[in-house]
Amino acid sequence: MSVQPPNWDTLRADFPILAQQVHGHPLVYLDNAATSQKPRAVLEAMDQFYRRDNSNVHRGIHELSRRSTEAFEAARERTASFLNAREPAEIVFTRGTTEAINLVAYAWGARHVHAGDTILLTEMEHHSNIVPWQLLAARSGAKLAYAPITGDDGLLDLRGLDNLFDSTVKIFAFTHVSNTLGTVNPVADLCARARRRGIVTLVDAAQSAGHRPVDVAEIGCDFLAFSGHKLCGPTGSGVLYGRRERLDDMPPFQGGGDMISNVDYFQSSWKEIPHKFEAGTPDIAAAAGLRAALDYIGAVGCDNIARHDEELAALALEKLSRLPGIRLFGPRQGHAGVVSFLLRDIHAHDVVTVADQFGVALRGGHHCNQPLMKRLGVESTARASFYFYNTAAEVDRLAEVLLEIQKFFAA
Amino acid sequence: MADDLNELYQQVILDHCRKPRNFRVPAGAYRTAEGRNPLCGDSFTLYLQLEGDVLHDISFQGSGCCISKASASMMTDLLKGKTAAQAQQYFSQFQTLVTTGAMDEEAMGKLCAFAGVHHFPMRVKCAILPWHAMLAGLKGENSVTTEQKP
Ligand SMILES: Cc1ncc(COP(=O)(O)O)c(C=O)c1O
């Protein structure tokens, strides 16, 4: 736990990519919900790995293979402590959140979800926490159900929730933080309610890990997924946390090298968890980078980052609400560092194109949330998303540029 | 405002975006074709009335960014009264215009305003979406997405 608030300016200087001009203006990178930038420590860890230690894992008995294996397993241990898992074996490395959710939908689903069962999601899920379940529903004959949200303020409607937990519901999968609305869901409460009904839970922590404390013991979930690239780590590093009892009670996901204990021409047997779920050569360098990212984030402190994110979001909501004709989405209070908006009569893509010419990187579109867009009655939104290296001055700049954009299209 | 931006959002484009022409659902029997860009949520329906080989009337409805809306507006203005073969030819010229910036002013007239789009590769899809929908309508297909046809 960090007592002193970090020196945000010093931290920002750790990110070489941020010190550049785009279209003649200083880069203001506000697309962190899509992916975060990487500090030197992560770049160097990956560079070191390839320059000094690179080899395959769990295979050779030579020195480099020992180092690679150690680096890979050390990343697993670091991830377990980051999430407060009971043991490293509960950490499965994947390519990202998407692959982690697909793994659960495929392998856990194959054994536990049957015709007539229900898969419960929420109306604010990312496509990666919808489509794998649709595929499972199509394979198994199960049906999908959605816990509703309240409206533009984007809160999960908790009143009717317990009624949705009927005896057919096998799994409740939901996001911790919405990548469009900035809503922070009460994950521990949701897991507790589901557990009382014997329902298995999966938390999509893609937008929360590295942005606020994520402790699987405190949350009480069965599964949790996140992507390394959204918390200062490299692309290709992803994590599935699964409670040992659940992981043990699942068939493999993919078959191949590394995941087997014995292969015969007609049948094979699997290794123990987590290796059972890690077929083939994994992204070892990404794991090394993820470990460095978790060390870095750990030193900054997830509680500090959460406060910083929320301060920037609150400032953005305040500044942006002064723009005439703006529509803001998501909760008014306790908003995570993701702010979606629409300017009256100006399409999100036009906003993003013009903002880019001022060096401000935003995202416009459906943010992989098409059903949510439909629910909100919009085609798309523009979105600014923050991380700890963003500053209040950048939020001011965003508001200034949006005002320019309004002038440009009104002229 | 940067030069590229003024080149992209030329006055004539801004004007058609604010006040789109032929922006209506016609009464009577028309061919319809939908054009969707799933990435940004642009979605237009085109209404084509053919008399023999001639586009007697063409109009559109829907929502999208400034570039796609202005493109639909100016395309419908241009193609009214033209033959299907001419429409196909204009399509090719428009495609060249927005991807390379090379313009044939005599042929394309006001549509040359879209030459600036080629500086913004991510926006080419927006400009060309209504044109794909128009072609699909002529062929009697009723929907097209820019994911299938960049
Ligand atoms: C809430 C949420 N879930 C899942 C994902 C998917 O993450 P990835 O593309 O890294 O697998 C994202 C990111 O795009 C997200 O924001």
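First the proteins, then the strands, lettered A, B, ... as listed; each starts at 1.
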Problem - chain A neighbours within residues 73-87 of chain B, where any heavy atom lies under 4.5 Å away - result: none
Practice task
Take atom OH of A/Y106 as the centre, draw a 6.0 Å sphere, and report whether it contains more than 12 heavy atoms from other residues, nucleotides or ligands.
Solution key: no
Practice task
With rounding to the nearest 0.5 Å, note down the distance linking CG in B/N37 to NE2 in A/H349.
Solution key: 7.0 Å
Exercise for the section: Count the heavy atoms of every other residue, nucleotide or ligand shown that sit under 6.0 Å from NZ of A/K374, and state whether that count exceeds 12. Expected result: no
Handout entry: Residue A/R344 excluded, over 12 heavy atoms near CZ under 6.0 Å
Key = no
Handout entry: B/R21, CZ: over 12 other non-hydrogen atoms inside 6.0 angstrom
Key = yes
Handout entry: Heavy-atom side-chain contact between A/T353 and B/R123 under 4.5 Å
Key = yes
Problem - Atom pair CG (A/D345) and SG (B/C17), whose distance is rounded to the nearest 0.5 Å - result: 9.0 Å
Problem - Qualifying side chain to side chain donor-acceptor pair (under 3.5 Å) pairs, either residue in residues 96-107 of chain B, two or more places apart - result: none
Practice task
Would you indicate whether the side-chain heavy atoms of B/F120 and A/D356 approach each other to under 4.5 Å?
Solution key: no
Handout entry: Interatomic spacing from SG in B/C66 to CD1 in A/I346 - rounded to 0.5 Å
Key = 9.0 Å
Practice task
Of all the heavy-atom pairs spanning B/R18 and A/A410, show the shortest one and how long it is.
Solution key: NH2-C, 3.9 Å
Exercise for the section: Name the region of B/I67, side chain, backbone, both or neither, that has any atom closer than 4.5 Å to a heavy atom of chain A. Expected result: both
Problem - Non-hydrogen atoms of B/L14 and A/F408 that approach each other most closely - result: CD1-O, 4.3 Å
Problem - Between B/D42 and A/H347, a side-chain donor and acceptor under 3.5 Å - result: yes
